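For reference, the structure discussed in these notes is given below.
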Amino acid sequence: MGRIPAASGAATVGQGGTAPVRVVLAGAHGHGWWHLANLRRLHSAGTVEFAGVCDLRPVEGLPEGVEFSGDLVELIGQTGAEVTILCTPIQTHADLAVKALRAGSHLLLEKPPAATFAGYERIAAVAGETGLACQVGFQSLGSEAVPAVRKMIADGGVGRITGIGAAGAWERSYPYYSRVPWAGRRLLDGVPVVDGALTNPLAHAVATALAVSGAGIDGVEVELYRANAIEADDTSCVRLRMDDGTAVTVAVSLCADRRHEPYLIVHGETGRIRLTYTEDRVEIGGTSVTYPRTDLLENLVAHVRHGTDLLVPLERTAGFMRVLEAVRLAPDPLPIPDRFQEVGEERRVLPGIAQVTAASAERLALYSELGPPWASGVPAAGAGAGRTSEERHAAVTGTAERKAPTGPPGLAGAGNRPPEERRATVTGTAERELPAGPPGSAAETVALDVSGVRVAEYVVRAEVPVTSSPRPYLHPVRTLGGTAVTEAAPADHVHHLGVSVAVSDVGGTNFWGGRTYVRGRGPAWLGDHGTQRHLGFSWRDPAGFGESLAWAAPDGTELAREAREVRATELDGCWALDFSFTLTNLTGDPLPVQSSATKGRAGAGYGGFFWRAPGSARDRRVFTEDAEGEDAVHGSRAPWLAMSSAGWTLVFVQRADPWFVRAVDYPGAGPALAWDTPLLVEDTLTRRVVTVVADGPLSRAAAAALASEVSP
């Protein structure tokens with residue numbers, strides 16, 4: 001795969017005598033944490049001056065000099081902000097955008113621009129009156145992949161375009177819908193929200209397909225469904241009739257078994273183009289190229305200072321708002337009966353939904369035309385009217401030998417039905433879609449499989465508070481039998497993130513999360529939290545990956561670079577996670593690694609590879625080859641350590657460091673890099689931990705045998 005380098009001639013704002021642009025952020029929680037991280041980065045680079053934050057809740061760890069207020073207009077006036085980032089609940093966008101513009105501030109407006117088309121028009125009118133810029137936060141439209149695909153189309157690379165199909169299938173757990181009052185709502189206190197799969201978490205699929213098409217919309221067909229007990233759609237599709245005669249379809253769901261990267265297919269008479277927009281990757285004719293992406297705030301700053309064209313001006317999102325309005329006015333989503341779902345303790349799954357969305361993109365068809373048993377309407381042309389809905393579903397998802405018919409139906413078949421039959425209903429979900437992007441980007445995951453069994457997911461870009469020291473982590477990790485053996489952001493320690501590399505103090509920066517221990521004072525909030533930023537993968541396969549990361553201080557200064565390798569290996573009846581990392585010091589001086597214990601807090605030597613297990617696990621036990629219980633194994637240098645419960649056992653194997661162990665208050669363990677003495681990294685630091693993941697409780701003899709088998 002080739003990667004095209006970013007253009008080297010881009011202007012650097014804030015250098016060469018140009019004053020940095022003063023920026024304030026409205027809405028610092030949730031997705032706002034991503035903007036906080038990006039503001040820190042650009043402030044450090046001299047591109048912007050991070051001037052203030054507006055929120056109704058306190059925000060911990062803000063840099064010195066950043067003002068805080070609950071009144072946006074007042075904050076803009078106090079700080080003289082030239083740009084406001086608006087990242088508040090959807091239903092507040094229109095009112096707050098108008099206030100910010102009238103206060104004299106340009107806007108970076110998170111998507112969707114508004115909850116109604118009328119709200120969008122209000123914002124557009126005030127932007128026109130004031131002459132101020134409004135950029136919309138569709139990050140995928142900042143990618144050079146989009147104009148590259150449009151040029152391929154214009155150059156006739158795949159012949160005449162017959163249609164564009166987009167597909168996206170993600171997973172969301174139950175807490176996702178209860179995290180904020182507006183999550184998964186169509187209305188809140190009578191005010192439109194429209195927080196469904198098509199309009200918020202997977203809105204980029206719609207916006208990117210429209211950007212690639214470039215045509216106007218003549219007609220919209222919508223089908224909305226819901227598996228979860230919510231108001232809005234968590235599974236939905238739309239077909240647009242464009243004014244150039246082509247069809248554009250988008251089929252999405254938040255009820256998949258795992259995250260499947262969303263993509264779109266451009267169908268041409270002589271070929272096709274595939275754009276995986278979260279990865280900026282374009283495939284055509286057997287070649288694959290990954291394109292650079294411009295940060296939308298940097299682009300807006302360049303527009304304010306130098307007149308650079310906006311990448312996503314408000315007017316460019318009018319087509320998307322037409323789709324949102326059609327979703328808003330559609331009947332309520334149709335509930336999907338439980339018998340068609342896998343209803344688990346953590347989330348609901350629609351079996352085969354990724355294949356159904358893929359079939360929609362291939363055939364430009366709606367769900368009702370593809371025939372999954374939970375969808376209403378008639379089968380698509382040629383799908384076989386004589387078959388049952390279950391047989392049609394099996395054909396589409398590949399669960400039966402019969403193959404689904406091929407050939408895009410275009411708009412045929414659906415157009416003869418009345419609108420009320422074509423528009424099924426659904427309920428909603430919530431969240432901001434976060435494609436791969438600039439530092440701090442969230443929610444991209446990589447799966448690890450063992451012989452076809454999904455055993456772990458690796459969160460590459462985590463959407464967590466700055467005070468949790470954002471970093472990649474593994475969660476959920478499961479036994480071969482499907483039992484979860486990790487926990488992320490538990491109430492007792494919200495900065496514990498599944499399996500990760502977390503260190504409380506590297507060169508004065510907190511890469512563990514939470515408060516920092518200060519000698520003679522105790523734990524304190526110091527605003528010293530660092531970030532482990534994903535830079536790229538050197539290799540990937542179904543069982544593992546190699547990754548490069550940057551360890552950055554709060555001001556963006558890189559302290560170290562990490563090379564990480566993670567691999568899942570099958571054993572007899574269980575599996576092992578092989579996790580190694582090498583940290584390279586970039587400071588030019590010895591880099592001190594400390595723990596709370598090295599600063600005077602006895603026994604708190606945590607820091608390094610750390611595994612947070614589920615706090616709900618019963619009958620917890622920790623032991624080594626010759627010791628039993630937390631007090632006995634904590635601080636020991638045994639070659640292996642086992643932690644078990646009624647449902648699982650973890651056997652950790654390494655020979656470099658003492659063990660940090662907790663089992664009573666919560667279950668967690670890992671080697672301690674700086675148990676009671678600071679560790680100075682002159683050049684590089686390398687560690688490797690192999691963890692056996694087994695179903696059920698294991699005996700000491702069984703754990704010892706497995707430890708011997710995987711010993712690094």
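As the structure is a computational prediction, the values presented were derived from the model and not from experiment.
- Counting all heavy atoms, side chain and backbone alike, Arg316 lies closest to Ala211 at NH2-CB, 3.8 Å.
- His204 and Ser140 make their closest contact through CD2-OG, 3.2 Å (heavy atoms, listed as atom of the first residue, atom of the second, distance).
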**Request:** Assess whether side chain to side chain contact (heavy atoms under 4.5 Å, CB included) is satisfied between Leu275 and Thr208, documenting all intermediate values.
**Result:** CA-CA 9 Å; Leu275 167 59; Thr208 308; 3.9 Å; yes
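- Annotation: side chain of Cys54 is not in contact with side chain of Leu25 (no heavy-atom distance under 4.5 Å).
- Annotation for Leu101 and Ala133: closest pair CD2-O, 4.3 Å, computed over non-hydrogen atoms.
- Side chain of His267 to backbone of Ala361: a donor-acceptor contact under 3.5 angstrom is found.
- In this structure, CZ on Arg172 lies 10.5 Å from OG on Ser253, to the nearest 0.5 angstrom.
- Annotation: side chain of Ile161 is in contact with side chain of Ile153 (closest heavy-atom distance under 4.5 Å).
- Ser360 contributes a side-chain N or O that, together with a main-chain N or O of Ala365, makes up a donor-acceptor pair within less than 3.5 Å.
- Taking both residues in full, the closest heavy atoms of Leu107 and Ala97 are given as CD1-CB, 3.5 Å, listed atom of the first, atom of the second, then distance.
- With a 4.5 Å cut-off on side-chain heavy atoms, Met152 and Ile284 count as touching.
- In this structure, CD1 in Ile273 is found 9.5 Å from CG in Leu264, a value given to the nearest 0.5 Å.
- A donor-acceptor pair under 3.5 Å is formed between the side chain of Thr199 and the backbone N or O of Gly196.
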**Test log, rule side chain to side chain contact (heavy atoms under 4.5 Å, CB included), inputs Leu324 and Phe117** = CA-CA 8 Å; Leu324 180 145; Phe117 198 85; over 6 Å; no
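- Pairs passing the salt bridge (charged side-chain N to carboxylate O under 4.0 Å, His left out) check and including a residue from residues 198-214, sequence neighbours excluded, do not occur.
- Remark: His475 engages no residue in a ring pair (Phe, Tyr, Trp, His ring centres under 6.0 Å) (not counting sequence neighbours).
- In terms of the side-chain contact (heavy atoms from CB on, under 4.5 Å) criterion, residue partners of Thr317 (sequence neighbours excluded) are, by chain and number, Pro113, Tyr120, Val136, Phe138, Val312, Leu314.
- Pairs of residues two or more places apart, or lying in two chains, that qualify as salt bridge (charged side-chain N to carboxylate O under 4.0 Å, His left out) and include a residue from residues 336-346 are Asp338-Arg348, Glu346-Arg478.
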**Message:** Using the rule given for side chain to side chain contact (heavy atoms under 4.5 Å, CB included), can you reason through Val238 versus Val248, listing the C-alpha separation, both sets of side-chain angles and the distance that settles it, and then say yes or no?
**Reply:** CA-CA 8 Å; Val238 62; Val248 171; over 6 Å; no
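- Counting heavy atoms from C-beta on, the side chains of Leu108 and Leu86 never come closer than 4.5 Å.
- Evaluation of the side chain to side chain donor-acceptor pair (under 3.5 Å) rule for Glu315 yields no partner, not counting sequence neighbours.
- The structure places CD of Glu231 at 8.5 Å from CG of Leu188, a figure rounded to the nearest 0.5 Å.
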**Request:** Would you please test Arg322 and Glu325 for salt bridge (Lys or Arg N to Asp or Glu O under 4.0 Å) and show each step?
**Result:** CA-CA 5 Å; Arg322 281 203 60 189; Glu325 189 76 349; over 6 Å; no
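- Under the 3.5 Å distance criterion, with hydrogens and angles disregarded, a donor-acceptor pair is assigned to the side chains of Glu261 and Thr278.
- Between Tyr473 and Ala462, the closest heavy-atom pair is CE2-CB, 3.6 Å.
- A donor-acceptor contact closer than 3.5 angstrom links the side chains of Asp55 and His29.
- Qualifying side-chain contact (heavy atoms from CB on, under 4.5 Å) partners for Glu269, counting only residues two or more places apart in sequence or in other chains: Arg160, Thr162.
- At least one side-chain heavy atom of Ile353 sits less than 4.5 Å from a side-chain heavy atom of Thr235.
- Inspection of the Glu110 and His93 side chains reveals no N or O donor paired with an N or O acceptor under 3.5 Å.
- For Asn299, the side-chain contact (heavy atoms from CB on, under 4.5 Å) test picks out Gln135, Thr294, Thr308, Leu310, Leu311, with sequence neighbours left out.
- When atom types are taken as modelled, the side chain of Asp234 and the backbone of Ala227 share a donor-acceptor pair closer than 3.5 angstrom.
- Side chain of Glu171 to backbone of Ala256: no donor-acceptor contact under 3.5 angstrom is found.
- Applying the side chain to side chain donor-acceptor pair (under 3.5 Å) test to Tyr458 and every residue at least two apart in sequence or in another chain returns Glu547, Arg564.
- Side chain to side chain, Ser368 and Glu223 meet the donor-acceptor criterion of an N or O pair below 3.5 Å.
- At a threshold of 4.5 Å between non-hydrogen side-chain atoms, the residues Gln139 and Arg293 count as touching.
- Considering only residues two or more places apart in sequence or on other chains, Thr92 meets the side-chain contact (heavy atoms from CB on, under 4.5 Å) condition with Thr88, Pro89, Leu96.
- Glu283 is listed as a side-chain neighbour of Arg281, based on a closest heavy-atom distance under 4.5 Å.
- Listed for the Asp243 side chain is a donor-acceptor partner under 3.5 Å among the backbone atoms of Gly216.
- Under a 3.5 Å cut-off, the side chain of Tyr277 and the backbone N or O of Ala205 do form a donor-acceptor pair.
- For Thr357, there are no side chain to side chain donor-acceptor pair (under 3.5 Å) partners two or more places apart in sequence or in a different chain.
- Contact check on Arg239 versus Glu369 returns a salt bridge, with a Lys/Arg side-chain nitrogen under 4.0 Å from an Asp/Glu carboxylate oxygen.
- Of all heavy-atom pairs spanning Asn228 and Cys255, the tightest one is ND2-SG, 3.9 Å.
- With rounding to the nearest 0.5 angstrom, the OH atom of Tyr367 is 5.5 Å from the SG atom of Cys237.
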**Request:** In sequence, state the C-alpha distance, the side-chain angles, and the governing distance for Leu448 and Leu474, and then conclude on side chain to side chain contact (heavy atoms under 4.5 Å, CB included).
**Result:** CA-CA 10 Å; Leu448 298 183; Leu474 287 150; 4.0 Å; yes
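- Inter-residue side-chain proximity for His260 and Trp170 is flagged as unmet; no heavy-atom pair is nearer than 4.5 Å.
- For Thr116, there are no side chain to side chain donor-acceptor pair (under 3.5 Å) partners at least two apart in sequence or on another chain.
- Thr290 and Asp280 share no donor-acceptor pair across their side chains, judged by distance under 3.5 Å alone.
- Side chain of Arg241 to backbone of Glu221: no donor-acceptor contact under 3.5 angstrom is found.
- With rounding to the nearest 0.5 Å, the separation of CG in Leu296 from NE2 in His303 is 13.5 Å.
- Judged purely by atom type and a 3.5 angstrom limit, Arg185 uses its side chain to pair as donor or acceptor with the backbone of Leu187.
- Distance alone, capped at 3.5 Å, places no donor-acceptor pair between the Ser468 side chain and the Pro470 backbone.
- Phe537 pairs by the ring pair (Phe, Tyr, Trp, His ring centres under 6.0 Å) definition with His534, Phe545, not counting sequence neighbours.
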